[in-house]
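Here is the structure we will look at, set down as structure tokens.
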Amino acid sequence: MTIDSKIKIKLYNTLSRKKQDFVPIKTDNVRLYVCGPTVYDYAHIGNARPVIVFDVLFRLLRHVYGENHVTYVRNITDVDDKINARAAQDFPNLELNEAIKKVTQKTTDQFHKDVKALLCLKPSFEPRATDHIDGMIEMVKLLIEKKHAYVASGEVLFDVNSMKNYGALSNRKLDEQKAGARIKVEEHKKNPGDFVLWKLSSESEPGWQSPWGRGRPGWHLECSVMSEALLGKQFDIHGGGLDLIFPHHENEIAQSCCAHDNDKMANYWLHNGFLQIEGKKMSKSDGNFITISELLESDKFGDKKWPGDVLRLAMLMTNYKEPIDFCVARLEEAEKILGKWKNTILALGLKFDEANRVEIEALGPCSKLLFALADDMNMSGVISHLHRHASGKKLHNANRLFGSLQLLGLVNFATMQEFQQARENQNQGVDVVLIERQISLRLQALSEKNWQEADIIRNELATAGISLKDGKDEKTGERITSWEIKK
RNA sequence: GGCCACGUGGCGGAAUGGUUACGCAGCGGAUUGCAAAUCCGUCUAUUCCGGUUCGAUUCCGGACGUGGCCUCCA
């Protein structure tokens, strides 16, 4: 992939609530941070959305600024009370720390499998919270020193009143919120909005020694510390789901800006919309909770397995900020379109042989498609350009189509090679000679206008799982019959 | 209750102060003895009510509806 500095990226910034020209702090190191999973349970299809959306952004940034000039950090939260609860539940006979390790390891491994199947690139760094505890303790110290945090009832709390423009990202004023509307306000807090930076652990809970006793970090602290460690005190883009705007991202900003005396943590804040399942909010109690691995490996949703590339396209058919109703019809449409594109690529003559690999992997998108993608990832515009390429008739169109799909991560050399192989291999295990003979018998019958006999042969083959396609030779006008194995 | 999004054909889904892209489905045609596949063509839409304007789907106000956050859910 080449550096394409002519492209101007525009992004909708939650901070300003406007679409803005993207201007990185340093063009030789564009820095992106996205909140990753808390590894207490398998990732569901809603979790897949930010992973896919920001993977596309990562790819766009790499294309525009160069592969080695973009740093993408997506953390793994492996310390959390939900993990503790899960560990105790799933491994009641193990010592808690052992059980926690099992849960986080198993869940992290599955997450990696899931995102790989969704054709996502690996981020540049994937830090784990438990590897950054020292940094978290340092940041808490700093916040206490600067009078932005205080100790109360064994907890260290961030004092939201100590920050002038707390609430700027979510456009919230502290006194307007129904504090403790659904949760009892703890009396040790100066302000109901104060949030935990550090809390004490019981003997059985996981904990680390700190100046405030053996304890563990609050959730928001991790991202502030890990982003600083890998991207610096101020970086370009911070992403995540819409629901994280408040309180998570607001609190990250509070921690980072107050600790570093900065007015900004990230210059651009991007948030993806939520998804629903068949028109309803996904929840375990409604029975419409579906994980990525279930979609990939089971027939729980729509009575069939869905390939990762189909899930990816289904997700990208809607622009990232909009809500998605994730339903079977959407997956079927995505599958149909993607199959058509892949067929077109092969039909127009692109060959996925090892000898061509370098050449093929260097294929890129057309500038119009890139222009649409750079416009706040306008995928609808992008997709219409893909259809335009797919309706072309020349090898050039196949090159463009593949190059564009490759940039978006919807196909790559390997997946196309597999697709090509599957088409070639389908002849294995069937008696090609017999089929060819049957076809010629049928052509014979046809030439004698013996429709009955011809249909018998076609039906026999159909029963054997072979479907015939009649075509016409462009030059001679003679009938040509090809065949394929029906699923 | 506060705050934030959003409302475009049967469905998905952009764009736009001036004939509403693109796709799926449908319909019609080509091809075919019929079918499948393929190709070509094509119907249908801006939630409602006001206002600004020569002109509003777009801007403003209101109504209705949907979703989200205010709770360590992406």
Side-chain angles (χ1 to χ4, degrees), chain A residues 14 17 34-38 40-41 43-54 77 80-83 167 169-184 192-193 195-196 199 217-222 239-248 250-251 271-276 279-284 289 314 317-319 321-325 327 329-330 332-337 340 343 347 372 375 378-388 390-391 393 445-446 449-452 454-455 458-459 462 467-472 477 479 481-484 486:
Chain A
T14 306
R17 295 182 194 279
V34 174
C35 294
T38 300
Y40 71 102
D41 198 357
H44 56 67
I45 187 61
N47 298 116
R49 194 168 187 193
V51 172
I52 293 170
V53 162
F54 292 108
T77 297
D80 184 275
D81 288 357
K82 272 181 299 200
I83 298 175
L169 180 71
S170 56
N171 193 23
R172 250 164 243 259
K173 293 189 181 74
L174 284 166
D175 47 6
E176 281 175 0
Q177 299 305 308
K178 267 200 171 176
R182 278 186 265 176
I183 196 165
K184 197 175 70 192
F195 57 92
V196 174
K199 58 182 154 188
W219 175 44
H220 313 301
L221 191 58
E222 304 169 11
L242 203 63
D243 61 320
L244 293 182
I245 295 175
F246 190 91
H248 185 53
E250 200 69 77
N251 292 350
H271 294 97
N272 63 272
F274 255 47
L275 65 80
Q276 294 182 284
K280 281 185 183 162
K281 183 169 177 160
M282 177 163 50
S283 74
K284 284 183 178 169
F289 187 91
M317 276 172 10
T318 301
N319 285 350
K321 290 194 298 287
E322 303 301 324
I324 285 184
D325 183 15
C327 55
R330 167 185 283 268
E332 285 169 346
E333 186 176 339
E335 185 165 54
K336 187 162 189 167
I337 292 168
K340 207 170 177 178
N343 269 323
D375 182 12
N378 180 357
M379 282 301 299
S380 305
V382 166
I383 287 172
S384 83
H385 286 295
L386 292 170
H387 284 299
R388 194 166 51 77
S391 64
K393 301 278 180 262
L446 287 173
K449 295 204 188 289
N450 187 348
W451 314 129
Q452 209 177 353
D455 286 351
R458 187 170 66 192
N459 289 340
S467 67
L468 299 184
K469 290 182 191 174
D470 288 340
K472 202 160 72 169
R479 184 195 288 250
T481 302
S482 59
W483 58 278
E484 66 177 26
K486 255 188 164 174

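Reckoned from all heavy atoms, side chains included, excluding hydrogens, waters and symmetry mates. Every chain is numbered from 1, with letters handed out A, B, ... down the list of sequences.
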Open item on the list: Using whole Å, what does the distance between atom C1' of nucleotide B:C22 and atom NE2 of A:His387 come to?
Closed with: 6 Å
Task: Length of the line joining A:His220:NE2 and B:A74:P, which is rounded to integer Å - done: 13 Å
At under 4.0 Å between heavy atoms, what does [X] touch on the DNA or RNA strands: base, sugar-phosphate, or nothing?
X	result
A:Leu386	nothing
A:Lys82	sugar-phosphate
A:Arg479	base
A:Leu446	base
A:Met379	nothing
A:Asp81	nothing
A:His44	base

For the side chain of [X], counting heavy atoms from C-beta on, which of [options] is nearest?
X	options	result
A:Phe246	B:A37, B:C70, B:G33	B:C70
A:Asn171	B:C22, B:C40, B:C3	B:C3
A:Asp470	B:G67, B:A35, B:C22	B:A35
A:Leu275	B:C4, B:A74, B:A21	B:A74

Task: Contact nearer the 5' end of RNA chain B, comparing A:Ser391 with A:Met282 - done: A:Ser391
Open item on the list: Does B:G23 have OP1 or OP2 under 4.0 Å away from a side-chain N or O of A:Lys340?
Closed with: no
Polar-atom pairs under 3.5 Å, protein N or O versus N or O of nucleotides 7-14 of chain B: list them with distances, or write none.
unit_1 : atom_1 : unit_2   : atom_2 : d
B:G12  : O3'    : A:Arg330 : NH2    : 3.1
B:G13  : OP1    : A:Thr318 : OG1    : 2.5
B:G13  : OP1    : A:Arg330 : NH2    : 3.1
B:G13  : O3'    : A:Ser380 : OG     : 3.2
B:G13  : O2'    : A:Ser380 : OG     : 2.9
B:A14  : O5'    : A:Asn319 : ND2    : 3.3

When rounded to the nearest Å, what value does the distance between [atom1] atoms of [N] and [M] take?
N	M	atom1	answer
B:G65	B:C49	C1'	15 Å
B:G10	B:G26	P	16 Å
B:C40	B:U46	P	29 Å
B:G13	B:C54	P	37 Å

- [ ] Whenever both distances are under 3.5 Å in a Watson-Crick or G-U wobble pair, mark it; put RNA chain B into dot-bracket that way, with [ ] for crossing pairs and | when the partner is on another strand.
- [x] (((((((..(((.....[...))).(((((.......)))))....(((((..]....))))))))))))....
Open item on the list: For a quick check under 3.5 Å, do A:Thr38 and A:Asp80 share a side-chain donor-acceptor pair by atom type?
Closed with: no
Open item on the list: Between A:Arg458 and A:Ser467, is there a side-chain donor-acceptor contact under 3.5 Å, judged purely by atom types and distance?
Closed with: no
Open item on the list: Cation-pi check for A:Phe274 against A:Arg49: NZ or CZ below 6.0 Å from the six-membered ring centre and within 45 degrees of the axis, yes or no?
Closed with: no
Open item on the list: On the side chain of A:Arg458, is there an atom forming a donor-acceptor pair with the base of B:A35 - under 3.5 Å, no angle test?
Closed with: yes
Open item on the list: Check for me: is A:Phe274 stacked on B:G67 by the 5.5 Å centroid and 30° plane-angle rule?
Closed with: no
